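Presented below is the structure to which this report refers.
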Amino acid sequence: MIRWQLAYPETEIPLFGRPIGPDEYNAFVTMHGTIMVFFVAMPLLVAAMGNFLIPLMIGARDMAFPRLNMMSVWVLAVASLVLLASFFVEAGPAAAGWTGYPPLSARIEYTGVEYGLDLWILALALEFASFLMGGINFLVTPINLRTRGMSLFRLPLIVWMIMGASILFLLSVGPLIAGAVFLLLDRNLGTSFFLAEGGGDPLLWQHLFWFFGHPEVYVILLPAAGAMMEIISTFSRKTIFGYKSIIYAVMIAGVLSFLVWAHHQFISGLDPRLAMPFSITTILISVPFAFIIFSMLATMWGGSIWLTTPMWFAVGGLSVFIFGGVTGIFNGSAPVDIYIHDTYFVVAHFHSTLFSTVFLGGFAALYYWYPKMFGRMMNEFWGKVHFWGTYIFFLLVFVPMHLLGVGGMMRRIADPSKYEFVKELLPMNEFITVAAIGLLLIQAPFVFNFLGSMFVGKKASENPWDATTLEWTTPSPPPHGNWPGAIPAVHRPPYEYAVPGVSEEWLPQSRPEGAAS
Amino acid sequence: MFAWLPENVSTYGGDIDAIFKLIYYVVGVWFVATQVFLVYCLIRFRRRSGNQRSKYLPGNTASQAAWVLIPCALVLVLDLWIDFRGADVWAKVKLSRPTPNLIVRVTGKQFNWIVTYPGPDGKFGTADDKKIDNDLHVPVNQVVRVLLTGEDVIHSFYLPHLRLKQDVVPGREIPAWFEATKTGKYEIPCAELCGFGHSGMKGFLYVHSEADFKAWVRTQWPSAG
Amino acid sequence: MAAGEAHGPSNVIIWVYLVVLAILSVFVSSVFPAPADTIAVFALAIAKAVLVLLYFMHLRVEKIFIHSLFFIPLLLVVVLYVGLMPDIMRSMY
Amino acid sequence: MNAGSASTPDAVEPSPVPAAKLGIWWFLASEVMVFGGALVSFILLRLVGPGWSEDLAHNSVALGSINTLILITSSFTIVEVLSAQKRGDEKKFRSFMGITIVLGLLFLVIKGVEYSAHFSEGLFPDKGLFWAFYFGLTGLHALHVLAGIVANASLLVVVSRPGGFARYSHRAEMNGLYWHFVDVVWIFLFPLLYLG
Ligand code: HEA
Ligand code: HEA
Ligand code: CUA
Ligand SMILES: [Cu+2]
């Protein structure tokens, strides 16, 4: 977040006291990407939501392997420490981009980074180990510990999404683990898996990385999308449109996501005959996503929309995600990517997708389940201020960023003023920087709201949102073992709102048939 | 938005821009349509009174599903359109190898572009080869083939005004080509992170008129006449 | 559970098969001419793997769900191979 | 596993596969991808490479074959552990598990002998791509063997405690699945690194 400052090249940075050197800039960008993707998005969206929600939503006392779960949390903590430590070793942290392309990352003399990069690899490896353990839990728990009546097609969508994310992760991370081992050997034992001099191949890493990398972005997307679905359904007071079809659409997207990885490598020296097949699969992936988005819109159609803070965040996230999704089509078209690859257009694309999922989706989830977690409500007024501030500043930061990309500005450059054709874009850069600072500042109401509401928030009832899924049938916060008495059995699909012929507006999954009217 | 594009000065740049615009309009329409629909729903179906009941639309009958499936089919068709139009342009830029009037080798090295001319004999590795740092001189309206090689890490040979970008990978010799349509001096930045000197690694492309290029050649290889 | 075990050949028999196949592959690799030996050795390796998977890991009696947990990744490995091949084999550059 | 203080056991939807087994298979699925990715890299670079028969000749087919036999045999012994568990035969369980562990250790010792032979010949991972892959792949595999030995040993320990057999012996199946997988990996590494 700090590194954005470099819109003012070579000037002193407030609070930092001196200009950032180019090597430090590279390190900041690398660490920003790594931390955001692997240490904010994944733990928040996959691990935290998975651990908290899965048992509550499927009606289980705990995860299937509680001990494995604890282990994964601890390994994650160690991984974070390792990454943090890399800031303090000599010659600084990793500076080869979050994608760590060799040969740059494979030899100390190319970056000047010493142990920082080894620690970076180690941190990632530990992180992967942690999520392997977590992922197994997220898969086995919903398969094996569902309460009576909770058939697979009665699971709330977010549980499906977390399972989907776990499958994608488990099946894609392997090659990168192998690649990370090779990279460590390259750095420390002088091998040359990724160095052309020794018979290796730099492109090999890119393939191994992106074979994981693309499924990985959907690992981040799916849980957030699931949260949005829950919230949109609840606050539209309407059942999800096409519940089963959405699950199938996600499966199709999941399968396709293994067949698109080279779209990150169109101009990387990839065999050019491969580009078009990958381009086609990439663009085709818009069909299942379009399906999901249209289903969300259809869910809102004819609803009775209750505009709470979580709903605003979910809808805002959906809106921004559409934006990020359609800009992905530009990248996905191989000829257009010739021009926009490695420009700010790509940076803007992935912030639109990542920000909408990680932050907007994440905030939506936080505001929605906060009462369940802490037993108190968050302040609605400040929540709305936070939403509108975040949403507007987000647009101010990242919409103009597309224009920078169209102007041809490259990413990962420490000093844009060095190029004539980029120089013209400097005023825009300054504007974006100002907006980014605004974006940061507008998080203040959230922080206060989040912390303050723990003490002064209104006490939350069991089910403040009149929602139907199982987590709302236990006291807030849930006691040890999740339900004080017996676990409720399930009698119907999730999201039964405004069912014709039923006088209640909403039917919890746990309410027995007949007990209704 | 397209006003932001740097001026195009290559033969195929226009084709790339055309695909860019095609996608822009196709997805633009969808983008606007979905956003408008979203906002419309928020306004039209906002809960006004406490007991306003929503419709029950599980989307499990054919007539309901059609509302979503038909637009999806449309998206599919548009996707294929984008793909097929794009495939031609891709083939033109990256797959075809028009016979060049000039061949040069450009080597990426932390943090310079080393431009090697084969000299009058047209062969590399002979005595009249000439190495120039960061300056690439080419004639206008002629096909130029650039053989890209790398010595240390990956760089990316980027000609924003010609809509050309190609990574330079050590261990490979990757041919790229272009035909400039306008004389002038253009920048050649490096577009792939290559170390602390990445920002600022750049060269210049000089596109000369036929006569100017001949003159430049004479200054470089006086003996060859 | 134990149901499958009662039928089918006993573990010892499988073990004998495996040992024989292993010895055979070493033998084959030393006598067969160049391309044939590689093919033969890999055919034998696959045979061994299949034996272990089917009998020792009980895939023979498992549900398709478990099967898919093994074969879907295998399929993905093939996808990876195919996607990488043109590049690493440098058929173009 | 069945946490919670509730007095009545919680009713659960029936599942086709026990949790632990499902978990281990998911784990193996991801392991297939790890070794799959590594082997794909190896095979492809091998196919373009200059041919490594000279390097290959440094490997002792005899030692490699012995190790193959050891692993195969240990796979056999660990299935015997499982059938001992099903019969409730505590003694057999322990002795076969012991044999499995010893065989695993033997495998590592032989691997160590091979490594030190290579080192004394000056063959280190940086002596060309073949050796990079050789040490990388066998090293990764050896780590898996080591992990398996640790898992087996700890199972043996907990099972030997009083009452341990009844509580923990069912885990033999998971250990077995993992161990067989490691064996299968070796079945492919052996021809690739010694014979091919
Ligand atoms: C959550 C994260 C996320 C998500 C969901 C996506 C989604 C998509 N991404 Fe993105 N992407 C990233 C994160 C993400 N991406 C990151 C982090 C990078 C950069 C990595 C780096 O280099 O550092 C990246 C880079 C990236 C590239 C490489 C660019 C380059 O380096 O040159 C490409 C290229 O194809 C691409 C494409 C796509 C596509 C086609 C989708 C699709 O899934 C989008 C599908 C959605 C829609 C299309 C919208 C809904 C559809 C409609 C409203 C219907 C109308 C649409 C049509 C008619 C087409 N992405
Ligand atoms: C999840 C992913 C994520 C997120 C959210 C962000 C958020 C932001 N990013 Fe980043 N970014 C990446 C992932 C992400 N980024 C990646 C992967 C790269 C590529 C790296 C590479 O090239 O190697 C990148 C690169 C990147 C660049 C390009 C650098 C370059 O190429 O030279 C820039 C430049 O403007 C940038 C800016 C920003 C800004 C202004 C934000 C702002 O949106 C930030 C706003 C921040 C907040 C609003 C903080 C709010 C949070 C709280 C207040 C705490 C809440 C706490 C709890 C919930 C517990 N990012
Ligand atoms: Cu060279 Cu960046
Ligand atoms: Cu991608």
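The chains referred to below are lettered A, B, ... by the order of the sequence lines, with proteins before strands, and numbering in each begins at 1. Owing to the predicted nature of the structure, the values given are computational and were not obtained by experimental measurement.
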| request: Find the one option among A:T299, A:V326, A:L307 whose heavy-atom pairs under 4.5 Å with chain B are most numerous. | output: A:V326
| query | Around B:F111, counting heavy atoms of other residues, nucleotides and ligands shown, do more than 12 lie under 6.0 Å from its CZ? | reply | yes
| task | Select, from B:W67, B:Y12, B:Y186, B:F37, the one with the greatest count of heavy-atom pairs under 4.5 Å involving chain A. | result | B:F37
| message | Could you walk me through whether B:W30 and A:F294 satisfy the ring-ring contact (aromatic ring centres under 6.0 Å, His included) test, starting with their C-alpha distance in whole Å, then the side-chain angles of each, then the deciding distance to 0.1 Å, before giving a yes or no? | response | CA-CA 11 Å; B:W30 281 104; A:F294 296 152; 5.5 Å; yes
| said: Ring centres under 6.0 Å, that's the criterion: do B:W4 and A:F345 meet it? | reply: no
| said: Quick one, B:V153 and A:Y101 - any side-chain contact, counting heavy atoms below 4.5 Å? | reply: no
| message | Can you tell me which portion of A:R107 sits under 4.5 Å from chain B's heavy atoms? Options are side chain, backbone, both or neither. | response | neither
| task | Check the pair A:Q206, B:V169 against side chain to side chain contact (heavy atoms under 4.5 Å, CB included), reporting the backbone distance first and the verdict last. | result | CA-CA 12 Å; A:Q206 300 188 9; B:V169 186; 5.9 Å; no
| field | Reported NZ-to-CE distance for the pair A:K418 and B:M201, which is rounded to 0.5 angstrom | value | 12.5 Å
| Is there side-chain contact between A:L297 and B:C41, with at least one heavy-atom pair below 4.5 Å? | no
| Is the shortest heavy-atom distance from the side chain of A:W301 to the side chain of B:Y40 under 4.5 Å? | yes
| task | Mind running side chain to side chain contact (heavy atoms under 4.5 Å, CB included) on B:R172 and A:D201 for me, showing each step along the way? | result | CA-CA 9 Å; B:R172 283 179 159 73; A:D201 198 324; 2.9 Å; yes
| query | Side chains of A:H341 and B:E192: does their closest heavy-atom pair fall under 4.5 Å? | reply | yes
| message | Would the distance check show the side chain of B:S54 and the main-chain N or O of A:G302 forming a donor-acceptor pair, the cut-off being under 3.5 Å? | response | no
| note | Among residues 69-85 of chain B, residues within the sub-4.5 Å heavy-atom range of chain A, in order of number, are B:L69, B:P71, B:C72, B:V75, B:L76, B:D79, B:L80, B:I82, B:D83
| said: To check you understand the geometry: which heavy-atom pair defines the closest contact between A:M300 and B:F45, and what is its length? | reply: O-CD1, 3.9 Å
| Leading residue by heavy atom contact count with chain B [cutoff under 4.5 Å; candidates A:V499, A:I338, A:D342] | A:I338
| message | Test your reading of the model: is there a side-chain donor-acceptor pair from A:Y339 to the backbone of B:F20, 3.5 Å cut-off? | response | no
| Does any non-hydrogen side-chain atom of A:I267 lie less than 4.5 Å from one of B:K94? | yes
| field | Part of B:V68 within contact of chain A (heavy atom distance under 4.5 Å) | value | both
| remark: Comparing A:Y419, A:F323, A:Y497 against chain B, the one with the most heavy-atom pairs below 4.5 Å turns out to be A:Y419
| At what distance, to the nearest 0.5 angstrom, does CG of A:D271 lie from CG of B:L95? | 8.5 Å
| Any sub-3.5 Å donor-acceptor pair from A:N26's side-chain atoms to B:G195's backbone N or O? | yes
| query | If you count heavy-atom pairs under 4.5 Å with chain B, which of A:G407, A:A196, A:A290, A:S279 comes out on top? | reply | A:G407
| query | Looking only at side chains, do A:E496 and B:Y56 share a donor and an acceptor under 3.5 Å apart? | reply | yes
| Can you find a heavy atom in the side chain of B:I154 that is under 4.5 Å from one in the side chain of A:P103? | yes
| query | When rounded to the nearest 0.5 angstrom, what distance separates CE in A:M311 from CZ in B:R47? | reply | 11.0 Å
| request: Heavy-atom pairs under 4.5 Å with chain A are the metric here; pick the option from B:V39, B:L162, B:I19, B:D152 that has the most. | output: B:D152
| request: Find the one option among A:L318, A:I322, A:I283, A:I240 whose heavy-atom pairs under 4.5 Å with chain B are most numerous. | output: A:I283
| query | For A:F421, does its backbone N or O pair with a side-chain atom of B:E187 as donor and acceptor, under 3.5 Å? | reply | yes
| query | Of the listed residues (A:S268, A:P493, A:G97), which shares the most heavy-atom pairs with chain B below a 4.5 Å separation? | reply | A:S268
| query | Counting only heavy atoms not in B:K202, do more than 12 sit closer than 6.0 Å to its NZ atom? | reply | yes
| query | Contact part of B:A65 toward chain A, heavy-atom cut-off under 4.5 Å: side chain, backbone, both or neither? | reply | backbone
| task | With a 4.5 angstrom heavy-atom cut-off, could you sort out which part of A:W506 is near chain B: side chain, backbone, both or neither? | result | neither
| message | Between B:K165 and A:D337, does the salt bridge (charged side-chain N to carboxylate O under 4.0 Å, His left out) criterion hold? Intermediate values first, please. | response | CA-CA 9 Å; B:K165 193 182 287 131; A:D337 196 55; over 6 Å; no
